[in-house]
Amino acid sequence: MSKKYCEKFKIPKHLEVPMGAVIPAPVKENRNMITGNWRTERPVIDHEACTLCLNCFLFCPDACWHLDEKEERMVWNADFCKGCLICVNECPADCLTPVNELEFKGGVVRLEKPF
Amino acid sequence: MAKAVETQNLEAVKSIRRVPQEEYYLPGHRTCQGCGPALTYKLVSKAAGPDSIFLGPTGCMYVANTSYLCSPWAYPWMHTQITNAGAVASGIEAAYQVLIRKGKYKGKLPNIVVMGGDGGSIDIGLQAMSGLMYRGHDVLFIMYDNESYANTGIQTSPATPYGANTTFTPPGEAIPEGKVLFPKDAPQLVIGGHPAVHYVATASVAYPVDLINKVRKALNYKGPSFLHIHSPCPKGWMFDAAKTVEVAKLAIETGMWVNYEWEKGEYTYQHTPKEYKPVKEYMKTQQRFAHLTDAHIAKMQAFIDARLKAPGIPVALPVLGPREE
Ligand SMILES: Cc1ncc(C[n+]2csc(CCOP(=O)(O)OP(=O)(O)O)c2C)c(N)n1
Ligand code: SF4
Ligand code: SF4
Ligand code: SF4
Ligand SMILES: [Mg+2]
């Protein structure tokens with residue numbers, strides 16, 4: 001119940017909470033729900049072979065591939081990629097390779113407290 | 001006289017390059033790896049853009065998307081009761097119409113989009129959806145079809161295909177095929193029963209540009225429109241998460257899914273293969289069909305053959321190719 005409503009009807013202070021749940025809308029990413037730590041494998045890109053066809057950008061359910069238009073290369077989002085490997089499956093240039101997280105020094109399975 | 005309400009006029013996307021780079025369904029949600037409905041949500045959000053209100057009935061796309069005190073949506077959204085998404089959307093649209101008519105709201109009518117699961121659209125949520133379609137509210141109702149009540153642990157729904165193993169249709173000695181019923185035809189249900197509707201289409205995550213354009217076309221239509229979107233669910237259908245798009249494509253190649261548009265009585269078809277592959281090729285990609293015998297698969301093939309030739313689909317369909325036995 002809102003503060004105004006509580007004062008008007010003399011409702012105890014502990015019931016003073018906003019109407020409904022008010023949560024901020026994320027702008028670029030929802031940092032409160034990091035999903036990169038689900039991953040056991042990650043897609044690694046060979047930029048030389050990439051044709052910028054944008055398949056990975058279109059088909060990633062977690063919106064983890066984007067085109068950097070200035071650099072003309074695809075950018076991957078390590079904090080949120082769940083490692084489903086749809087992008088690897090749909091890359092027509094075969095320039096994405098799944099690599100086990102254990103291969104990386106900072107791989108999520110090696111982190112004591114992932115993210 | 002009430003002045004005509006100005007609505008959005010969204011441009012068609014001509015190529016992959018023209019697909020908006022901006023995301024409105026953002027990274028940071030608990031849907032499973034490779035979730036087809038999440039991919040649908042992302043593409044629909046891109047198509048509709050920021051001037052939209054999204055809402056939907058309880059299901060994976062609300063429960064798995066909203067975590068404690070956060071959500072992945074950059075636009076206003078609402079989680080409705082599983083039965084009443086159509087009614088809530090009707091109310092939002094009617095309120096905007098009144099505010100605009102009274103001059104209390106100066107903007108254009110926003111895109112009002114319902115993203116309903118198959119259960120929330122044509123089963124438990126059917127009456128509210130049908131009421132919206134009947135009364136003619138300017139709302140786009142999307143049924144993202146993962147072919148089960150997925151969020152509660154994959155129970156059968158009227159969209160679940162014949163022969164699928166779900167937690168309510170486990171195959172056993174008495175009922176060896178698991179699910180015995182054939183699915184409801186969602187778009188035909190809307191087309192057949194709702195004179196206020198002028199645009200109904202089916203789409204698939206396998207063809208994102210087509211999907212985006214159908215969303216935009218539907219939003220540009222005044223009045224209600226309905227989209228049925230094939231959204232494979234790796235968890236419920238039991239296939240590898242990397243194969244979501246592959247499975248969706250195979251559904252079209254085997255005739256398990258048909259992409260079409262219905263505009264004011266006229267049908268047009270998209271992505272029809274020259275020759276259909278046997279449905280077996282689709283079914284063997286998913287563990288939910290693993291228990292089926294050849295006789296069951298033949299029954300499914302006969303159903304698909306009949307549907308592809310159905311008189312309710314008044315357009316010449318490609319001739320079925322030879323199939324292996
Ligand atoms: C009246 C009511 N009955 C049952 C439920 C439990 N329930 C929550 S989500 C869900 C499944 C919804 O299935 P669907 O609409 O297909 O969406 P999906 O989870 O598959 O995305 C069910 C049965 C509920 N929330 N409300
Ligand atoms: S799908 Fe492959 S080739 Fe296409 S943009 Fe992505 S990485 Fe490059
Ligand atoms: S592995 Fe999956 S989540 Fe990660 S970038 Fe590829 S498609 Fe996206
Ligand atoms: S159960 Fe299916 S629909 Fe639900 S989040 Fe998982 S993959 Fe998506
Ligand atoms: Mg469902």
Side-chain angles (χ1 to χ4, degrees), chain A residues 17-18 20-43 51-70 72 74-92 96-98 115, chain B residues 13 15-43 45-46 50 64-79 205-209 211-212 231-234 240-249:
Chain A
V17 286
V22 181
I23 57 172
V27 180
K28 280 244 170 306
E29 298 165 343
N30 177 19
R31 300 289 317 170
N32 291 316
M33 182 40 68
I34 301 278
T35 49
N37 50 5
W38 296 15
R39 207 167 56 228
T40 53
E41 285 180 295
R42 70 169 70 167
T51 60
L52 301 181
C53 74
L54 298 181
N55 262 11
C56 50
F57 156 74
L58 275 180
F59 288 122
C60 174
D62 294 271
C64 286
W65 281 109
H66 273 97
L67 173 65
D68 181 334
E69 281 180 70
K70 245 186 32 236
E72 288 200 1
M74 299 307 293
V75 185
W76 173 69
N77 189 335
D79 287 359
F80 291 93
C81 167
K82 292 173 184 165
C84 69
L85 305 181
I86 289 179
C87 53
V88 176
N89 213 41
E90 300 308 320
C91 173
L96 294 175
T97 323
F115 300 104
Chain B
V13 170
S15 68
I16 291 183
R17 283 272 159 181
R18 298 291 180 82
V19 171
Q21 289 282 325
E22 298 79 18
E23 304 287 356
Y24 304 101
Y25 173 70
L26 305 167
H29 43 82
R30 288 175 301 115
T31 63
C32 309
Q33 286 180 320
C35 172
L39 178 51
T40 298
Y41 225 122
K42 184 190 89 164
L43 295 168
S45 302
K46 268 184 186 298
N65 273 328
T66 52
S67 308
Y68 186 62
L69 290 184
C70 66
S71 84
W73 296 289
Y75 41 66
W77 62 277
M78 183 172 175
H79 175 177
V205 292
Y207 295 94
V209 176
L211 188 157
I212 287 173
S231 314
C233 161
D240 187 280
K243 308 273 177 179
T244 300
V245 175
E246 200 180 305
V247 164
K249 216 167 258 169

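The model shown is predicted, which means the values in this text are computed figures rather than measured ones. Chain A is the first sequence line, chain B the second, and so forth, proteins listed ahead of strands; every chain is numbered from 1.
Contacts of B:Lys243 with chain A are made by both backbone and side-chain atoms, with heavy-atom separations under 4.5 Å. Neither the backbone nor the side chain of A:Val88 comes within contact range of chain B; no heavy atom of the residue lies under 4.5 Å from a heavy atom of that chain. Of the atoms belonging to A:Asn32, heavy atoms from both backbone and side chain fall under 4.5 Å from chain B. The part of A:Glu90 that comes within reach of chain B is its side chain, from C-beta onward, which places non-hydrogen atoms under 4.5 angstrom from that chain. Both the backbone and the side chain of B:Thr31 have a heavy atom closer than 4.5 Å to some heavy atom of chain A. Within the 4.5 angstrom heavy-atom criterion, only backbone atoms of B:Pro20 (N, CA, C, O) approach chain A.
Distance check, rounded to the nearest 0.5 Å: CD of B:Gln33 to OG1 of A:Thr40 gives 6.5 Å. To the nearest 0.5 Å, atoms CG (A:Asp62) and CG (B:Leu26) are separated by 11.0 Å. The CD1 atom of B:Ile212 sits 6.5 Å away from atom CG of A:Leu58, with the distance rounded to the nearest 0.5 Å. Distance CD/B:Gln21 to CD/A:Glu69: 5.5 Å, rounded to 0.5 Å. Distance OG1/B:Thr244 to CG/A:Asn89: 9.0 Å, rounded to 0.5 Å.
You'll find the side chain of A:Thr35 stays beyond 4.5 Å of the side chain of B:His29, heavy atoms only. Taking the side chain as every heavy atom from C-beta outward, B:Val19 and A:Leu54 never approach each other to under 4.5 Å. A 4.5 Å side-chain heavy-atom check between A:Ile86 and B:Glu246 finds every atom pair outside the cut-off. Counting heavy atoms from C-beta on, the side chains of B:Ile16 and A:Asn55 come closer than 4.5 Å. At least one side-chain heavy atom of B:Arg17 sits less than 4.5 Å from a side-chain heavy atom of A:Leu52.
Counting heavy-atom pairs closer than 4.5 Å to chain A, the top residue among B:Cys70, B:Ala38, B:Ala241, B:Gly34 is B:Cys70. For the set A:Cys87, A:Cys64, A:Cys81, A:Gly83, the count of heavy-atom pairs under 4.5 angstrom toward chain B peaks at A:Gly83. Taking A:Cys53, A:Ala63, A:Pro98 one by one and counting their heavy-atom pairs under 4.5 Å with chain B, the maximum is reached by A:Ala63. Counting heavy-atom pairs under 4.5 Å between each of B:Gly36, B:Ser71, B:Cys32 and chain A puts B:Ser71 at the top. Your options are A:Cys60, A:Pro26, A:Pro24, and the one with the most heavy-atom pairs under 4.5 Å with chain B is A:Pro26.
At most 12 non-hydrogen atoms from other residues, nucleotides or ligands lie less than 6.0 angstrom from CD of A:Glu72.
Across A:Phe57 and B:Glu23, no two heavy atoms sit closer than the pair CE1-OE2, 3.8 Å. Contact detail for B:Trp73 and A:Ala25: the closest heavy-atom pair is O-CB, 3.7 Å.
For the side-chain hydrogen bond (donor to acceptor under 3.5 Å, both in side chains) test, no residue two or more places apart in sequence or in another chain qualifies with B:Tyr207.
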